[in-house]
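Inspection log for the structure reproduced underneath, given as structure tokens.
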Amino acid sequence: MMLDSTTRQQLVATALEARQWAYAPYSGYAVGAALLTASGKIYDGVNVENAAYPDGICAERVAVFKAISEGEREFIAIAVVSQDGGFPCGSCRQVLSEFGLNTLVIIANPQGEILQEATVSDLLPHAFGPQNLRDR
Ligand code: THU
């Protein structure tokens with residue numbers, strides 16, 4: 001699906017706005033995400049760290065889990081804002097891939113400039129997915 005630039009910028013603005021709520025006292029690396037679903041709603045997310053380090057979670061997965069818990073299943077695009085504009089980690093790529101390989105991932109910096117874009121299948125080729133568990 002093609003996304004117009006107004007929608008892209010709106011997603012980036014939502015991720016940027018959400019980023020202020022990141023709880024990242026250990027890494028100091030704040031991330032904001034905004035996920036657009038097929039119903040037209042946007043779910044935001046931030047990374048939430050913990051004193052027990054592995055118990056923290058990334059912004060992207062928070063946004064996905066918020067959306068899923070509201071009954072959403074189809075994702076059009078996710079914008080991610082961080083200081084250096086990195087692509088999502090492997091775990092987030094895997095979680096995103098569960099719900100669609102064509103979801104567009106939009107990476108922006110804290111100035112709201114889009115730095116790079118890729119689909120989930122670009123980021124996670126040969127993904128292990130629900131299809132692997134069919135016909136057991
Ligand atoms: N993090 C995200 O929230 N998203 C990413 O795409 C990369 C990493 C978080 C996890 C951790 O709280 C901090 O950034 C440093 O890794």
Side-chain angles (χ1 to χ4, degrees):
M1 179 189 180
M2 262 312 285
L3 263 197
D4 59 50
S5 73
T6 310
T7 307
R8 281 165 205 242
Q9 287 303 336
Q10 189 193 346
L11 266 188
V12 168
T14 304
L16 189 51
E17 169 78 10
R19 185 172 177 258
Q20 69 183 304
W21 306 119
Y23 179 74
Y26 304 106
S27 71
Y29 187 85
V31 185
L35 178 68
L36 174 65
T37 67
S39 72
K41 289 193 192 139
I42 296 176
Y43 295 83
D44 62 17
V46 298
N47 53 331
V48 183
E49 298 184 350
N50 193 276
Y53 290 0
D55 291 344
I57 188 165
C58 295
E60 295 91 327
R61 273 175 287 163
V62 169
V64 168
F65 296 157
K66 281 170 75 171
I68 293 295
S69 70
E70 297 293 325
E72 304 280 355
R73 285 291 186 278
E74 232 182 296
F75 304 152
I76 306 300
I78 184 167
V80 184
V81 174
S82 64
Q83 65 187 35
D84 62 350
F87 273 122
C89 80
S91 297
C92 289
R93 295 176 195 203
Q94 180 66 33
V95 167
L96 283 164
S97 77
E98 178 80 16
F99 303 105
L101 296 169
N102 295 325
T103 305
L104 182 67
V105 180
I106 302 166
I107 303 299
N109 65 17
Q111 288 70 50
E113 297 159 342
I114 294 175
L115 303 177
Q116 40 189 359
E117 293 183 345
T119 65
V120 168
S121 67
D122 291 332
L123 297 176
L124 189 64
H126 312 291
F128 182 87
Q131 73 282 355
N132 296 103
L133 298 178
R134 283 193 197 114
D135 303 321
R136 273 168 299 144

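Below, all heavy atoms of this structure are taken into account, side chains as well, without hydrogens, waters or symmetry copies. Counting starts at 1 for both ligands and their atoms, in listed order.
Not a single donor-acceptor pair under 3.5 Å links the side chain of Asn50 to the backbone N or O of Tyr53. At distances below 3.5 Å, at least one donor-acceptor pair connects side-chain atoms of Arg93 with backbone N or O atoms of Leu123. Panel note: side chain Thr14, backbone Ala34; no donor-acceptor pair is recorded below 3.5 Å. The main-chain N or O of Pro110 is never found under 3.5 Å from a side-chain atom of Arg19 such that the two would form a donor-acceptor pair. Of the possible polar contacts, none joining the Glu98 side chain to the Val95 backbone as a donor-acceptor pair under 3.5 Å is found. Not one N or O on the side chain of Gln116 forms a donor-acceptor pair closer than 3.5 Å with the backbone of Phe87.
Looking at atom 8 (C) of ligand 1, its nearest protein heavy atom turns out to be Cys58 SG, 4.0 Å. Nearest non-hydrogen protein atom to atom 14 (O) of ligand 1 is Tyr29 CD2, 3.2 Å. For atom 3 (O) of ligand 1, the closest non-hydrogen atom of the protein is Ala59 N, 2.9 Å.
For the pair Pro88 and ligand 1, a heavy-atom separation below 4.0 Å is found. Ligand 1 lies within reach of Cys89, whose nearest heavy atom is under 4.0 Å from it.
Near Asn47, with a cut-off below 4.0 Å to any heavy atom, the atoms of ligand 1 are 3 (O), 9 (C), 11 (C), 12 (O), 13 (C), 14 (O). Proximity to Glu60 (heavy-atom distance under 4.0 Å) selects the following atoms of ligand 1: 2 (C), 3 (O), 4 (N), 5 (C), 6 (O). Interface of Glu49 with ligand 1, defined as ligand atoms under 4.0 Å from a residue heavy atom, comprises 11 (C), 12 (O), 13 (C). Remark: ligand 1 atoms within the under-4.0 Å shell around heavy atoms of Ser27 are 13 (C), 15 (C).
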Could you give me the CA-CA distance, side-chain angles and deciding distance for Leu35 and Glu72, then say whether side chain to side chain contact (heavy atoms under 4.5 Å, CB included) is met?
CA-CA 11 Å; Leu35 178 68; Glu72 304 280 355; over 6 Å; no

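The nearest protein heavy atom to atom 16 (O) of ligand 1 is not closer than 4.0 Å.
Checked by distance only, ligand 1 and Val80 stay at 3.5 Å or farther apart across all their nitrogen or oxygen atoms.
For the residue pair Pro88 and Ile107, the shortest heavy atom distance occurs at CD-CD1, 4.0 Å.
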